[in-house]
Amino acid sequence: MAGILGVYANLDSLLESVEELKRQNFRDLDVYSPAPRPELEEAVKPPISPVRVYTLIGGLLGATFGYWVAIWTSEYWPLVVGGKAIASWIPYTVIGFEMFVLVGSLATVAGMFINSRVPKLTLTIGFDTRFTHGDYGIFVRCTPERASAAEALLHQYGAEEVRSES
Amino acid sequence: MATIAPPEVRRPNLPSANVPLPALRDYEQVDNEIIATLKPTVPWFGAVLVSVFCMLIGAAAWTYQIYWGLGQAGYAPPVMWGVYIVTFVFWVGIGHAGTLISAILYLFRAGFRTTIYRCAEAMTVFAVMTAGLFPIIHIGRPWKFFWLIPYPNWRLIWPQFKSPLVWDVFAITTYLIVSTTFLYVGLIPDIAVLRDREKNPIRKRIFAVLSLGWRNTEAEWRHFARAYLFLAAFSTPLVLSVHSVVSFDFAVTLVPGWHTTVFPPYFVAGAIFSGIGMVFTIIIPVRKWFNLQHYVTLNHLDAAAKMCLFTSMVVGCAYIMEFWVAWYSGNPYEQNFFWNRVFGQWWWAAWIMLLCNCVLPLSLFWQKLRRNTTWLFILSLFINLGMWYERFVIVIPSLSNEFEPWQWTHYLPSWVDMALLLGSFGWFFMWFLLFVKQLPVIAIAEIKEIVPPKMRVHGGVGHHVAAERSASAQTGGRH
């Protein structure tokens with residue numbers, strides 16, 4: 001979707017723009033920052049990251065697999081030792097734990113990728129390489145009718161450069 | 001008339017939670033200075049050549065051993081674990097400080113980790129890669145290694161899941177994968193910086209693929225921060241489990257000197273201690289040769305040295321505990337073994353261990369020495385030596401002096417053993433040196449979190465509110 005891109009040198013200008021854009025009902029925003037800043041989260045007020053759900057499910061699946069593979073193997077290929085249990089949960093906890101960590105970690109990263117919409121092998125519209133260097137930015141997705149209002153607002157709140165992207 | 005003496009000028013004794021970087025002014029400076037470290041130099045090429053040469057010596061020795069058989073290693077029955085297992089445990093241990101610094105100190109919000117954690121994390125990955133070679137070398141027929149992996153097969157033989165050797169396979173593999181993932185995830189935003197600054201089209205394309213199209217949006221940072229936190233939370237118990245599992249290789253046997261419940265915490269503490277030693281060995285030349293003294297400041301090294309001192313004392317306590325338990329047990333085999341450890345055949349190895357790991361690190365009680373990079377570097381070499389000998393003292397004397405006196409024997413590493421030990425250092429440093437010239441050795445994104453963001457100078461609507469927010473955020477960290 002087309003929109004207006006604003007480039008900012010200062011963090012406070014960016015925060016004010018975000019707040020004003022939200023007041024004026026521009027909801028579809030991408031806000032850029034060279035480093036993670038807690039102020040951005042306060043201004044954007046996003047929902048809680050759902051990555052934790054991936055972590056939990058991945059961890060539980062991993063632990064289940066770890067115990068299962070050890071127990072199933074023992075039953076399939078039993079080593080009978082003087083009255084001792086063929087499948088013993090205490091040593092298998094090591095395998096369960098390692099699988100819990102492994103699958104949980106990979107699921108966490110998968111959750112981050114899915115929610116962040118990466119990998120993207122081509123950089124799409126609404127991005128400027130200055131955002132990975134030292135500048136801040138906002139990309140406002142809007143209809144052509146509201147584009148001039150968004151552009152004026154970004155200028156008013158201190159954007160150093162404003163351009164239309166489509 | 002009495003005069004008031006001027007206040008004594010003291011060196012700063014900063015809390016390690018918040019170590020400032022006053023020389024850093026803005027984000028552009030951070031990018032420029034860290035990216036400048038990626039330019040190859042003549043000394044760097046020289047160091048890579050030396051590392052590759054050492055690695056080739058190890059590779060040649062391994063080839064020789066594969067051709068002539070495992071008898072070329074210095075094994076002398078019943079000493080069937082020798083330099084390979086000693087070196088395996090050593091390198092696994094080296095990796096632990098990386099995870100301690102990158103994950104555990106992250107959870108504890110220890111600010112001094114920020115500038116050294118990337119080096120430490122890379123060190124972890126390469127150390128575990130190195131460690132993983134040694135069980136494969138040790139089994140003699142490396143092409144049979146896959147027998148340890150559980151999968152349906154025609155030979156109908158499965159791994160014995162009650163054996164610590166199989167736990168090792170799972171623990172080390174998990175550790176390698178999770179450490180590499182942790183390193184890579186932290187690198188993604190930094191690779192995006194490189195992508196957008198790179199002029200060479202081939203390198204730019206490689207960085208574009210590796211950065212996965214990262215754009216620094218607020219949503220990306222939010223999910224990144226959450227994922228990073230959970231990865232740190234996973235890595236923390238993982239690092240404790242890995243060396244505990246390695247210690248089980250020894251502790252579940254009945255061999256005197258090995259059969260003890262103190263081994264898991266003792267191994268974990270030793271691993272962290274040895275890893276911190278290797279961090280100093282790496283970070284001190286890196287900060288000097290890359291002109292990064294204003295990133296890795298003396299305050300950072302001072303804080304890391306305190307951690308080194310603490311872990312040294314934990315290790316010393318574990319040594320004392322071993323001797324005390326041997327005495328208190330009343331078990332003559334155990335008592336004889338520990339007497340033999342320090343006054344018998346291997347006395348010199350034990351005293352090298354005690355001197356390097358327990359005595360020399362006590363010098364770090366003096367702040368002057370904690371802030372002396374030359375001394376820290378020299379001490380780190382002694383710690384590396386001492387921690388290799390710690391594993392030697394654990395493995396060799398126990399096997400060469402078991403229960404049956406007629407079995408008591410002597411063990412001497414062969415040239416193949418020593419060449420493979422040298423090769424392991426070559427292999428490790430080769431990867432590390434290649435890393436430091438391809439990817440940022442200091443985490444750009446995390447340094448930018450410390451640097452104050454640019455604000456409008458002349459005020460404006462809402463300026464004060466934003467400035468206050470920023471000031472409060474300085475103490476809040478990433479979340």
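Numbered from 1 within each chain, the chains take letters A, B, ... in sequence-line order. These figures come from a predicted structure and were not determined experimentally.
Proximity to chain B is limited to the side chain of A:F113, based on heavy atoms less than 4.5 angstrom apart. For a residue to count as touching a neighbouring chain, one of its non-hydrogen atoms must lie under 4.5 Å from one of that chain's; by this rule A:F100 touches chain B with backbone and side chain alike. In this structure, chain A has no heavy atom under 4.5 Å from any part of B:P164. In this structure, chain B has no heavy atom under 4.5 Å from any part of A:S74. Neither the backbone nor the side chain of B:I444 comes within contact range of chain A, judged by heavy atoms closer than 4.5 Å. Proximity to chain A is limited to the side chain of B:T181, based on heavy atoms less than 4.5 angstrom apart. Contacts between B:V185 and chain A at a heavy-atom distance below 4.5 Å involve the side chain alone, from C-beta outward. Looking at A:A85, the atoms closer than 4.5 Å to chain B (heavy atoms on both sides) all sit in the backbone: N, CA, C or O. For a residue to count as touching a neighbouring chain, one of its non-hydrogen atoms must lie under 4.5 Å from one of that chain's; by this rule A:V109 touches chain B with the side chain only. Only the side chain of A:D30 comes within less than 4.5 Å of a heavy atom of chain B; its backbone N, CA, C and O stay farther away. Proximity to chain B (any heavy atom under 4.5 Å) is shown, for A:V31, by both the backbone and the side chain.
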Identify every side-chain donor-acceptor pair in residues 58-73 of chain A under 3.5 Å, counting partners at least two apart or on other chains, and give the distances.
unit_1	atom_1	unit_2	atom_2	d
A:T64	OG1	A:L60	O	2.6
A:Y67	OH	A:T93	OG1	2.9
A:T73	OG1	A:V69	O	2.5

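Listed here is the closest heavy atom pair of A:Y32 and B:R215: CD2-O, 3.1 Å. For A:A35 against B:A445, the heavy-atom pair with the smallest separation is CB-O, 4.1 Å. Residues B:W221 and A:S33 come closest through the heavy atom pair NE1-O, 2.9 Å.
Expressed to the nearest 0.5 Å, how far CZ of B:F230 lies from CG of A:L56 amounts to 9.0 Å. The CG atom of A:L102 lies 10.5 Å from the CG atom of B:L176; values are rounded to the nearest 0.5 Å. A distance of 11.0 Å separates NZ in B:K454 from OG in A:S13, rounded to the nearest 0.5 Å. We find the CH2-CD distance between B:W167 and A:E98 to be 11.0 Å, quoted to the nearest 0.5 Å. To the nearest 0.5 Å, atom CE of residue A:M99 and atom CZ of residue B:F170 are 5.5 Å apart.
Using a 4.5 Å heavy-atom threshold, the side chains of B:L231 and A:S105 count as touching. Counting only heavy atoms from C-beta outward, the side chains of A:P50 and B:H223 approach each other to under 4.5 Å. The shortest distance between side-chain heavy atoms of B:K448 and A:R37 does not fall below 4.5 Å. At least one side-chain heavy atom of B:F234 sits under 4.5 Å from a side-chain heavy atom of A:T55. Taking 4.5 Å as the limit, some side-chain heavy atom of A:E41 sits within range of a side-chain heavy atom of B:R222. Residues B:K162 and A:Y92 meet the side-chain proximity criterion, which asks for heavy atoms closer than 4.5 Å. Residues A:F97 and B:S241 form a side-chain contact, since some pair of their non-hydrogen atoms from C-beta on lies under 4.5 Å apart. Within the 4.5 Å cutoff, the side chain of A:L106 has heavy atoms near those of the B:I177 side chain.
Between chain A and the residues B:S244, B:A219, B:A192, the largest count of heavy-atom pairs under 4.5 Å involves B:A192. Ranked by non-hydrogen atom pairs under 4.5 Å with chain B, the options A:D135, A:I95, A:L29, A:L14 are led by A:I95. Contact count against chain B (heavy-atom pairs under 4.5 Å) is highest for A:V101 among A:V101, A:T108, A:V118, A:I48. Of the listed residues (B:N32, B:V30, B:V193, B:V169), the one with the most heavy-atom contacts under 4.5 Å to chain A is B:V193. Note on A:F131, A:Y8, A:Y76, A:F139: by heavy-atom pairs under 4.5 Å with chain B, the leading option is A:Y76.
Side-chain contact of B:D196 with A:T132: a donor-acceptor pair under 3.5 Å is present, judged by distance alone.
Checked for salt-bridge contact, B:E28 and A:R130 miss the test: no charged N lies under 4.0 Å from a carboxylate O. Salt-bridge annotation for B:E218 and A:K45: absent, with no side-chain N of the basic residue lying under 4.0 Å from a carboxylate O of the acidic one.
A:D12 places a side-chain N or O within 3.5 Å of a backbone atom of B:R456 that can act as its donor or acceptor partner.
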Handout entry: side chain to side chain contact (heavy atoms under 4.5 Å, CB included) assessment of A:M112 paired with B:E220
Key = CA-CA 8 Å; A:M112 174 195 143; B:E220 285 173 350; over 6 Å; no

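Every residue was checked against the side chain to side chain donor-acceptor pair (under 3.5 Å) condition with B:S179, not counting sequence neighbours, and none meets it.
Atom CZ of A:R141 has more than 12 heavy atoms from other residues, nucleotides or ligands within 6.0 Å. Counting non-hydrogen atoms of neighbouring residues, nucleotides and ligands closer than 6.0 angstrom, the CZ atom of A:R163 exceeds 12 such neighbours.
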